[in-house]
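A short write-up of the structure that comes next.
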Amino acid sequence: MAVNFNNYRQVLQQLEPYKAKLVAVSKTKPVEDIRDLYAEGQRIFGENYVQELVDKAGQLPQDVQWHFIGHLQSNKVKYIAPFVGMIHGVDSLKLLAEISKQALKHHRVIDCLLQVHIATEETKFGLSETELFQLLEQAGSLAGVRIAGLMGMASNTDDETQVRREFAGLKTLHNAVKEKYFPGDEFFKELSTGMSGDYKIALEEGSTLVRIGSLLFGARNYA
Ligand SMILES: *Cc1c(COP(=O)(O)O)cnc(C)c1O
């Protein structure tokens with residue numbers, strides 16, 4: 001399955017008026033596909049699995065910005081801390097503390113997004129609103145991380161009204177957090193929402209980073 005360059009250009013056109021950025025989600029896809037999009041000018045790529053990310057990063061140019069978008073286990077942070085550009089799915093103080101510790105070992109500060117659970121589906125990932133504020137109260141002293149914003153995944157449904165409501169709710173929460181913890185700060189400006197199926201709605205509801213995979217690289221095969 002090759003890269004769909006038409007879809008790539010269409011997505012970039014959609015992002016343009018919003019000044020939003022594209023995370024090209026290349027999980028499970030071969031390095032050749034990443035090279036093809038890199039040649040088109042794409043620099044931000046998203047991966048879900050630590051080993052796969054480390055392998056791919058070693059084979060691609062240094063100026064690729066790697067975003068880790070999956071569920072990250074604390075004991076694996078050390079493998080990506082030397083080079084990862086942003087970590088999207090942080091949902092515990094333990095994980096954030098480990099990222100900070102590993103970042104400092106490499107004299108780095110790693111941008112992190114806190115993942116909030118906005119979908120109706122049951123999942124163990126993502127913070128509730130209450131947990132989010134608790135984490136923010138406790139995260140202040142971690143010198144190796146910069147909390148760059150929030151991340152969320154809407155319900156997997158055809159009901160656009162519901163998806164829109166979930167994205168809009170996260171945007172409202174983002175505003176509240178910004179006002180309380182990062183006022184006047186140039187940081188905490190990212191809102192990572194939207195995937196292949198719902199990114200247009202996400203853009204209308206304030207997304208600054210869309211994470212798009214199958215639209216660019218074709219359907220994934222987990223066989
Ligand atoms: C796989 C994945 C995506 C991309 O999904 P598509 O529907 O293929 O665009 C986005 N975000 C996360 C967290 C993912 O795991």
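When a ligand or atom number is given, it counts from 1 through the structure's own listing order. Position 1 is the first residue of the sequence, and the numbers go up from there.
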Next item on the list: Please check if the side chain of Asp91 supplies one atom and the backbone of Phe125 the other of a donor-acceptor pair under 3.5 Å.
Entry: no

Checklist line | 4.5 Å side-chain heavy-atom contact, Ile34 and Glu47 | finding: yes

Next item on the list: Would you check if Glu166 and Thr120 make a side-chain contact, meaning some heavy-atom pair closer than 4.5 Å?
Entry: yes

Within the 4.0 Å heavy-atom shell around [X], which atoms of ligand 1 are there?
| X | value |
| --- | --- |
| Gly213 | 4 (C), 6 (P), 8 (O), 9 (O) |
| Ile212 | 9 (O) |
| Arg211 | 4 (C), 9 (O), 10 (C), 11 (N), 12 (C), 13 (C) |

Check: Taking the inter-plane angle between the rings of Phe133 and Tyr181 on a 0 to 90° scale, is it parallel (under 30°), tilted (30 to 60°) or perpendicular (over 60°)?
Finding: tilted

Next item on the list: Select one of side chain, backbone, both or neither to describe which atoms of Lys27 lie under 4.0 Å from any atom of ligand 1, heavy atoms only.
Entry: side chain

Notebook entry, point to check: Where's the contact between Asn48 and ligand 1, heavy-atom distance under 4.0 Å: side chain, backbone, both or neither?
Noted result: side chain

Check: Which of the listed options, Val25, Ile69, Thr28, holds the heavy atom that is closest to atom 12 (C) of ligand 1?
Finding: Ile69

Margin query: Going by the closest heavy atom to atom 7 (O) of ligand 1, which one wins out of Gly46, Ser214, Gly70, Ala219?
Written below: Ser214

Item checked: Heavy-atom pair of closest approach, residues Ala154 and Val163 -> CB-CG1, 3.8 Å

Note to self: For Thr208, run the side chain to side chain donor-acceptor pair (under 3.5 Å) check against Lys19, Lys189, Glu190 and tell me which one passes.
What the structure shows: Glu190

Next item on the list: Could you tell me whether ligand 1 has any atom less than 4.0 Å away from a heavy atom of His88?
Entry: no

